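Okay, so here's the structure we're looking at.
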Protein chains: 4
Amino acid sequence: MNKKSIVLQTTLELITKQGIRATSLSQIIKESGVANGTVYHHFKNKEEIITELYLMLTQDFGTVVMRNVPEDDIKKQFSIMWLNLFHYFVNNPLAFVFSEQIARSPEIPQSLKDKARQYYGEIENYFKTGIRKKVFKSYNSMVMEELFFGNVVSLVKIHENEKVKLLDKHINQAIEISWKGFLRD
Amino acid sequence: MNKKSIVLQTTLELITKQGIRATSLSQIIKESGVANGTVYHHFKNKEEIITELYLMLTQDFGTVVMRNVPEDDIKKQFSIMWLNLFHYFVNNPLAFVFSEQIARSPEIPQSLKDKARQYYGEIENYFKTGIRKKVFKSYNSMVMEELFFGNVVSLVKIHENEKVKLLDKHINQAIEISWKGFLRD
Amino acid sequence: MNKKSIVLQTTLELITKQGIRATSLSQIIKESGVANGTVYHHFKNKEEIITELYLMLTQDFGTVVMRNVPEDDIKKQFSIMWLNLFHYFVNNPLAFVFSEQIARSPEIPQSLKDKARQYYGEIENYFKTGIRKKVFKSYNSMVMEELFFGNVVSLVKIHENEKVKLLDKHINQAIEISWKGFLRD
Amino acid sequence: MNKKSIVLQTTLELITKQGIRATSLSQIIKESGVANGTVYHHFKNKEEIITELYLMLTQDFGTVVMRNVPEDDIKKQFSIMWLNLFHYFVNNPLAFVFSEQIARSPEIPQSLKDKARQYYGEIENYFKTGIRKKVFKSYNSMVMEELFFGNVVSLVKIHENEKVKLLDKHINQAIEISWKGFLRD
DNA sequence: TATGAATGAGCATTCATTCAT
DNA sequence: AATGAATGAATGCTCATTCAT
């Protein structure tokens, strides 16, 4: 494992723990046991570390969400997508942090935000298909996506909070609530 | 308007624009035109400014959410609560930022987070009543609250994004989706 | 003597010894015994220290050159001006360094360079008068000024070199050479 | 063109543009497209690049100044030498920068400075001959050289300044002024 | 001959905070 | 109540240089 990877990995961990702004380069350097200049040999500046990290994490985002999604059953598709996203965030806290911070933080350049947006393309397609098939009511697709996404996020937040033990039962309830909202009456 | 208020107001604006971590005391001082020491005369440290700001913003949170909520009609209650929360966030971006950052950021002490939690008491009651009245299915109440809350947040985010013009139509769709999810079949 | 003056004085000495670029802020801080942040309390950045120093040094430049210059005798005027400039540079090495570096160095903003230029106004007038009085041949006045100035600089350089002891005799020779060059045949 | 030459050439250009101190090795490396270590393969350190460059530029200095200088006519000799030097500096800005910086900058070792000095030997001889032939007044020869040299430099500076268009007329005036100063009355 | 990873001292600057007035 | 001089740790970054390949 070369120094560059070490830096990336360390940064990943620190940001996950503390957020982007709270993570200083000095901390990254100290934690990773790499020399000051070494970081700058591999990265142009601090932002580039974060950008690279972000790209690493999001590049497989689209495929992750669609993993094991069956061909036909639109309801099953919903559950699987929902859980895929949920587990992805739970297992990739940084990806979650990034997703949450994307809208606001100026640290993440617009180009990246746009790139992230495109990963949702598959989700958008899903909802449009659902509407065409008369399963979902014909709501605005951006609203649908955002609510779907937000529902997953809400559950991840409960999970993260750690004060409450999140059970499978709760997750299934959330999926059910989420699903029902979009249905045609 | 005394110096203390000026500092609070300036901080409010800066945090809204840039987030908590990105807002430095020097910036607050420069922007507010107040002297270095004056800030420290009124506040013990930077954290105290934020805490005080947070308390200012959230103290009327509970009443805001319940404003104009009718006695009987549970569906109308839902819409009004939903919109109250939505408009509150749209008009108080800092409150929104805080809400979003509460879960994660270590800058906000746990005591405050707990305090914030209690404001949701009214919402919790609402859902419990709804379940008792057999309008809502008996989901876990924390899940319900969090999803309700998250749905509002999702819409605020669309609104904030500014790329898309959020119309009343979209808001009504969101409320409908949100409401349907919780219903008994 | 307040901290700001100490910083200015220390910087003056260091730049005189080492040149502008060779003088680091850390050095200024160490040498002046002032805290890091104190410097930045008084100056916006390193450039501002240099600018302020430069203005301090050059503001009396014009009057210095014309000090004790007699009314009538154009030859005596020449000698006095020449010596005024010479001694000014010898006694204000930084002013000399600055003068030398003005043309090239990008550290000194154009606005300052222009300001410096205007101090030469008196010298320009002197030569124009001399031409009108048929004492000097009618050379281009910028050429005359620049050569006059350059002659002084040449002698200061010999003086600075320290390898050769510069005697009054040499200075007088230089003034004579300088004077004769401009004369009408 | 091998890597070593590329490095030298790039350094030459950068120093000409920015001065010695402002030119960093990293810049040289970036600009020349040569690898980090390659520079250190060819040069012991940064100073050696500059030294080598300096020697390259000055080695033909003596011959340049004396190029096409006629045998007899002492006045014609003066003009030619003057113009040779002028054009040399105008065409070799780095040589000019070096000449200007020689006296002060500690980056250039004394040994080099002495070496440069010796190139002026021919000029020294010229003036001594002139004095012997009773054309020049018997001024100190170092003073004469330095003023001669300084006069050329003054014109180069006007030329460099670019604000004023330097015409042949001006150059001829400068040569005339320069020449007249040294003459026996 | 040429490469580029690695280093750590040093740089200019920003930060939250203290304290005398 | 209000000021602003003073502090020094910390930040992001550049530098010249070393070394194994």
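Every value quoted in this text rests on a predicted model; they were computed, and no experiment measured them. Below, chains carry the letters A, B, ... as their sequence lines are ordered, and counting in each starts from 1.
- When distances run from any side-chain atom of B/N36 to the nucleotides E/dA2, F/dA6, F/dC13, the shortest one goes to F/dA6.
- Contact check, C/K46 against E/dC11: no side-chain N or O comes under 4.0 Å of OP1 or OP2.
- When distances run from any side-chain atom of A/L25 to the nucleotides F/dA2, F/dC13, E/dA16, the shortest one goes to F/dC13.
- Distances shown here put a side-chain N or O of B/S26 below 4.0 Å from the OP1 or OP2 atom of E/dC15.
- Summarising the geometry, the separation between NZ on A/K44 and P on F/dC15 is reported as 15 Å, rounded to the nearest angstrom.
- As a whole-Å value, the separation of D/N2 CG from E/dT1 P is 9 Å.
- Here F/dA9 presents its C1' atom at 14 Å from CD of A/Q27, a figure rounded to the nearest Å.
- Here F/dT7 sits opposite E/dA16 as a Watson-Crick or G-U wobble pair (both hydrogen-bonding atom distances under 3.5 Å).
- Atom CZ in D/R21 sits about 14 Å away from atom P in E/dG10, given to the nearest Å.
- The nearest heavy atom of DNA chain F to D/I29 and to A/K30 marks one nucleotide each, and the one closer to the 5' end goes with A/K30.
- The side chain of D/H42 contributes an N or O atom lying less than 4.0 Å from OP1 or OP2 of E/dA2.
- For the pair C/T16 and C/F96, the minimum side-chain heavy-atom distance is 4.5 Å or more.
- Atom CG in C/N45 sits roughly 17 Å away from atom P in E/dC11 (whole-Å rounding).
- Within 4.0 Å of A/K4, counting heavy atoms only, lies no atom of the nucleic acid at all.
- Nucleotide F/dT21 forms a pair with E/dA2, judged by Watson-Crick or G-U wobble geometry with both contacts under 3.5 Å.
- With DNA chain E read from its 5' end, the first of the two nearest nucleotides for C/S24 and C/G37 is the one closest to C/S24.
- Residue A/Y40 places at least one side-chain N or O under 4.0 Å from the OP1 or OP2 atom of F/dC13.
- In this structure, CD1 of C/I6 is placed 14 Å from P of F/dA5, rounded to the nearest angstrom.
- Regarding D/L14, its CG atom lies at a distance of 12 Å from the P atom of F/dA16, rounded to whole Å.
- Using modelled atom types, one side-chain atom of D/N45 and one backbone atom of D/E48 make a donor-acceptor pair closer than 3.5 Å.
- Contact annotation: C/H41 does not reach the phosphate of F/dA6 (side-chain N/O to OP1 or OP2, under 4.0 Å).
- Under the side chain to side chain contact (heavy atoms under 4.5 Å, CB included) rule, D/I50 has a single partner from D/L12, D/I20, D/L8, which is D/I20.
- Test A/K17, A/E13, A/Q18 against A/T23 for side-chain hydrogen bond (donor to acceptor under 3.5 Å, both in side chains) and you get one pass: A/Q18.
- Salt bridge B/K4/B/E52: present, at least one basic N to carboxylate O contact under 4.0 Å.
- The distance from atom CD1 of A/I28 to atom C1' of F/dG12 is 11 Å, rounded to the nearest whole Å.
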